[in-house]
Amino acid sequence: MTSPIHNYSEIGKLKTVLLKRPGREIENFTPEMMPRLLFDDIPYLPIAQKEHDYFADTLRDNGVEVLYLEKLSAEALDAGGEEVRDHFLEQMLTESGYASGTIHDALKEYLGSMNNQDMVVKIMEGVRKNELDFVPKDLVSSAENEDYEFYMDPMPNLYFTRDPSACIGDGLSINHMTYPARQRESLFNETITKYHPRFANQGVHVWRDRNHETRIEGGDELVLNDHVMAIGVSQRTSADAIQDIAKNLFKHGQYDTVIAIKIPHNHAMMHLDTVFTMINYDQFTVHPGILGKGGQIDTWTITPGKNEGELNLQHDTDLKKVLKTALHLDDLDLIPTGNGDPIIAGREQWNDGSNTLAIAPGVVVTYNRNYVSNELLRKHGLKVLEVISSELSRGRGGPRCMSCPIVREDLKR
Ligand SMILES: NC(=O)NCCC[C@H](N)C(=O)O
């Protein structure tokens, strides 16, 4: 059986990608909610949608099939039937804090009365208290904070489809994410994988499912080639989750090397792909802010140990050397965000200047606002397709974060 997922690199010609068009969820909150929802500002929805459509059109114009998360989720529920829909809704309510009780019942009746498409969109947008014809009477529901507007929070980070799951080879990881604001997101990916006719029973490997305590997010998972991965040890991905997925990849897949790269644990650099991406066979973007004064950074090259389930770890501090060894390259080109200028690099990294999406070897999609980094990429021989970015960038993610590649062509060399 041929898996519908085929993603053996960061740079092979992109054939199919999963996106989420920003909807009401990106403006359905107040400034006080922003830190908890991992946003630094509230985007202006009509412009964000225009920008996102421009991004999707740029991909389509370059031969990419664009799939949408909300559509696939609804189709998966349609295909799964009543039982699957009921299970999905129960799980979503449980993970939203309502496993049972009168609010659970009221939400279930409200959402359950919708068709699958409307229900999925409504869950993504969030459910405000004033939408329900419900008067709290019992102790538990009366104890709810009356001043808080929502029963179910919006999920504004959904347009960063990179993070809740990551396609690796012919399978994927469905991620247990770090912050409550994003933890429910991967339930959509799990439902699609299990029940959408395109993915269900088609030989898709799940390298790691979402039922874990340890944390991993797709922005940290970089598929460098058909046997080497790089994974960020970051604010969002823990070392034990990396070791866990490495064991599964080594045991059941064709991967034999995982390079764990430790980056600063902060919001500006929450994932490895906000500071480091692969853009050609031998070219990478790198934010100078992750390197020490002598250019050093902690890496651990993980390979299978002698006995099954054991791992070998080799610690290094020279990223260039580590990548050259793992990828069998004589040399490589690390291109510094903002041309290495501390002010420009800081500004452009903040606006995802390092977060490039390669759609073929040497061809990248970037935000137009990062003009210094873009110019530098061109000087280094890359083809740069710029997309508009005033509103999308307020969510703190760029073209790589906004895309989940499902199929890429294999590399020629
Ligand atoms: N891969 C990425 O770096 N994704 C960007 C995620 C931004 C989102 N506001 C978050 O903090 O999770």
Side-chain angles (χ1 to χ4, degrees), residues 7 10 17-20 22-23 25-29 31 33-43 48 51-52 55 69 124 153-168 172-173 175-186 188-189 215-223 229-238 241 261 263-279 285-287 289-290 337 348-358 364-367 370 387 389 391-405:
N7 187 45
E10 285 292 306
V17 73
L18 178 67
L19 304 185
K20 161 77 177 83
E25 65 280 355
I26 70 159
E27 62 171 17
N28 199 18
F29 55 90
M33 294 167 73
M34 288 187 324
R36 193 163 46 80
L37 294 183
L38 310 169
F39 264 60
D40 298 305
D41 204 347
I42 302 175
E51 292 177 355
H52 196 271
F55 174 53
L69 180 78
M124 292 174 168
D153 275 349
M155 302 187 211
N157 294 290
L158 278 170
Y159 74 95
F160 300 120
T161 50
R162 178 66 63 165
D163 302 320
S165 72
C167 295
I168 306 166
L172 79 171
S173 66
N175 296 335
H176 172 71
M177 304 180 76
T178 295
Y179 290 114
R182 300 203 66 178
Q183 281 169 349
R184 292 173 300 165
E185 288 181 24
S186 57
F188 293 110
N189 304 81
R215 318 164 285 114
I216 188 163
E217 301 195 358
D220 283 309
E221 302 174 79
L222 270 63
V223 182
M229 291 208 41
I231 309 188
V233 186
S234 70
Q235 184 192 64
R236 305 296 177 84
T237 295
S238 59
I261 304 178
I263 61 169
H265 294 202
N266 63 47
H267 183 52
M269 307 180 195
M270 84 287 283
H271 298 118
L272 182 60
D273 70 355
T274 64
V275 287
F276 174 80
T277 56
M278 185 170 187
I279 53 180
T285 63
V286 62
H287 174 50
I290 63 169
T337 310
E348 293 205 346
Q349 188 280 329
W350 175 245
N351 288 316
D352 284 287
S354 310
N355 190 257
T356 53
L357 169 67
V364 290
V365 180
T366 64
Y367 277 163
N370 299 311
V387 296
S389 54
E391 298 303 309
L392 292 176
S393 59
R394 294 183 200 274
R396 288 282 80 69
R400 190 181 187 277
C401 305
M402 292 192 297
S403 55
C404 177

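Whatever order the structure lists ligands and atoms in, that order sets their numbers, starting from 1.
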**Asked** Applying the side-chain hydrogen bond (donor to acceptor under 3.5 Å, both in side chains) test to R396, which of N351, D41, D352 qualifies?
**Response** N351
Taking the side chain as C-beta and beyond, is there a heavy-atom pair between [X] and [Y] under 4.5 Å?
X: R162; Y: M402; result: no
X: L158; Y: M155; result: yes
X: S354; Y: T274; result: no
X: F39; Y: N157; result: yes
X: I231; Y: T237; result: yes

Ligand 1 atoms in contact with [X] (distance to a heavy atom under 4.0 Å):
X: T274; answer: 3 (O)
X: H271; answer: 1 (N), 2 (C), 3 (O), 4 (N)
X: H267; answer: 11 (O)
X: C401; answer: 1 (N), 2 (C), 3 (O), 4 (N), 5 (C)
X: M270; answer: 3 (O), 7 (C), 11 (O)
X: D273; answer: 1 (N), 2 (C), 3 (O)
X: G219; answer: 1 (N)

**Asked** Any luck finding a side-chain donor-acceptor pair between S173 and E221 under 3.5 Å?
**Response** yes
**Request:** Look at R394 together with D40 and state whether they make a salt bridge at an N to O cut-off of under 4.0 Å.
**Result:** no
**Asked** Is the shortest distance from a Lys or Arg side-chain nitrogen in R236 or D220 to a carboxylate oxygen in the other one below 4.0 Å?
**Response** no
**Message:** Tell me whether G395 has any N or O atom under 3.5 angstrom from an N or O of ligand 1.
**Reply:** yes
**Complete:** among protein heavy atoms, the one nearest atom 8 (C) of ligand 1 is N157 OD1, 3.0 Å
**Request:** Measure the distance from atom 1 (N) of ligand 1 to every protein heavy atom, then report the residue, atom name and distance (to 0.1 Å) of the closest one.
**Result:** D163 OD1, 2.9 Å
**Request:** State if R400 counts as touching ligand 1 under the rule of any non-hydrogen atom under 4.0 Å.
**Result:** no
**Item:** ligand 1 contact by R236, heavy-atom criterion under 4.0 angstrom
**Value:** yes
**Item:** R182 and ligand 1 - part of the residue with a heavy-atom distance under 4.0 Å
**Value:** side chain
